[in-house]
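To keep things clear, I will list the structure first and then write my remarks on it.
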Amino acid sequence: MMGRNTGARDYPTLMPRQLQIKYYVEPDSAALARRAAQYFVEMVSEAVEAHGRARIAISGGTTPKAAFQLLADPNQPWRWRMPWEKLDLFWVDERCVPPDNSESNYRMTREALLDHVPLRPSQIHRIEGELEPEVAAARYESELRNSFRLEGAESPRFDLVALGLGDDGHTASLFPHTEAIHEMSRLATANRVPQRDTWRITLTWPVINQARSVFFLVAGAEKAAILHEVLTGPRDPERLPSQLISPASGILSFILDKDAAALLPASDEEGCGVLERER
Ligand code: 6PG
């Protein structure tokens, strides 16, 4: 099992075990958003069924926005099927900007979703991007510890973590060749991203891998090559941090549009495909 950060920057050489990668391919971005909205409702409802509440962590960027808008739309079924009162919403990562900044993941989510659905402030656990990066990361870690009532070295277990894939192979704010890739003892960390001359706050990959369910939402032809490399290429997490995502459940899901899935083995008539990858 993964021990505390030994300071040695190595990856736990777990016995290679297969990771089952399930991918669902949708014909276009509108169908992708509908599938993602459906998936959010199903996974949240399952968690509420199983243990009375659902704690999920969402990503920013552009791809999830349309799904958030569908979840908020009163003319769509998902708005009425989501058990909002049982949901606690967290973020996977945040940019180091104030919550009203156009770059803010919180702002994107507020405008697309939060302003339109019945979530109380106590159910919304945002990352305070406006603070000093180290302070924001430490406060978010305390928020996670308090919300999940963690003790000692316990790790939070999200019911669902929704990720995106950057065209450089990053996910969350785990960028290639950055410090956060090596952080295994903290729950959240401040990450200097020299290639973007910025700081980010991000959940660490061991926390993401503890989640009951983890899925990537990926769209567009510009992501096809990097997705193919992450899923079928040699293991190189330093260069492709998305390869660090290997949930303890042994299953990793991808919801894709046809263009993003273009280089993957053909899916079946239902648009489903499966790959096995060494952990
Ligand atoms: C962020 C995200 C990041 C995102 C990818 C994909 O803060 O930017 O959390 O990890 O998911 O960069 O972004 P797009 O969906 O915009 O392609």
Heavy-atom count around [X] [atom1] within 6.0 Å, excluding the residue itself: above 12?
X      : atom1 : result
Glu222 : CD    : yes
Arg139 : CZ    : no
Gln20  : CD    : yes
Glu49  : CD    : no

message: Is there a salt bridge (charged side-chain N to carboxylate O under 4.0 Å, His left out) between Glu183 and Arg192? Walk through the geometry before answering.
response: CA-CA 13 Å; Glu183 181 52 65; Arg192 174 78 189 139; over 6 Å; no
message: If I compare all heavy atoms of Ser59 with all of Ala162, which pair ends up nearest, and what's the gap?
response: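 Shortest heavy-atom contact: OG-O, 2.7 Å.
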query: Do you know which two heavy atoms are closest between Ala36 and Ala67, and how far apart they sit?
result: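 Taking every non-hydrogen atom into account, CB-CB, 3.7 Å.
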[X] side-chain N/O to [Y] backbone N/O, donor-acceptor pair under 3.5 Å:
X      : Y      : value
Glu143 : Arg126 : no
Asp268 : Cys272 : yes
Trp78  : Val41  : no
Glu46  : Asp159 : no
Arg81  : Gln38  : no
Glu276 : Gln18  : no
Asn105 : Ile127 : no
Gln243 : Glu238 : no
Asp257 : Leu32  : no
Tyr140 : Leu203 : no

Going by atom types only, do [X] and [Y] share a side-chain donor-acceptor pair under 3.5 Å?
X      : Y      : value
Asn191 : Thr178 : yes
Asp93  : Thr202 : no
Trp91  : Thr109 : yes
Asp73  : His116 : no
Asn101 : Arg107 : no

- request: Please say whether the positively charged group of Arg196, taken as NZ for Lys or CZ for Arg, lies over the ring of Phe175, i.e. under 6.0 angstrom from the six-membered ring centre and within 45 degrees of the axis.
  value: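 Because its charged atom misses either the 6.0 Å distance or the 45° angle limit, Arg196 does not stack over Phe175.
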message: Before you tell me yes or no, could you show the steps for Leu187 and Leu150 under side-chain contact (heavy atoms from CB on, under 4.5 Å), namely the whole-Å CA-CA distance, both residues' side-chain angles and the distance that decides it to 0.1 Å?
response: CA-CA 11 Å; Leu187 308 181; Leu150 302 177; 3.7 Å; yes
Between [Y] and [X], is there a salt bridge with N-O shorter than 4.0 Å?
X      : Y      : result
Arg53  : Asp88  : yes
Asp115 : Arg110 : yes
Arg239 : Glu229 : yes

- request: Show your reasoning for whether side-chain contact (heavy atoms from CB on, under 4.5 Å) applies to Arg212 and Leu160.
  value: CA-CA 6 Å; Arg212 289 187 174 82; Leu160 180 67; over 6 Å; no
query: Leu119 and Leu114: side-chain contact (heavy atoms from CB on, under 4.5 Å), yes or no, with the steps?
result: CA-CA 7 Å; Leu119 280 177; Leu114 304 180; 3.8 Å; yes
- request: I would like to know whether Phe40 and Phe215 meet ring-ring contact (aromatic ring centres under 6.0 Å, His included); could you show each step before the answer?
  value: CA-CA 10 Å; Phe40 274 115; Phe215 82 101; 5.5 Å; yes
- prompt: Between Phe158 and Gln210, does a side-chain contact (heavy atoms from CB on, under 4.5 Å) hold up when you go through it step by step?
  reply: CA-CA 7 Å; Phe158 286 101; Gln210 288 305 315; over 6 Å; no
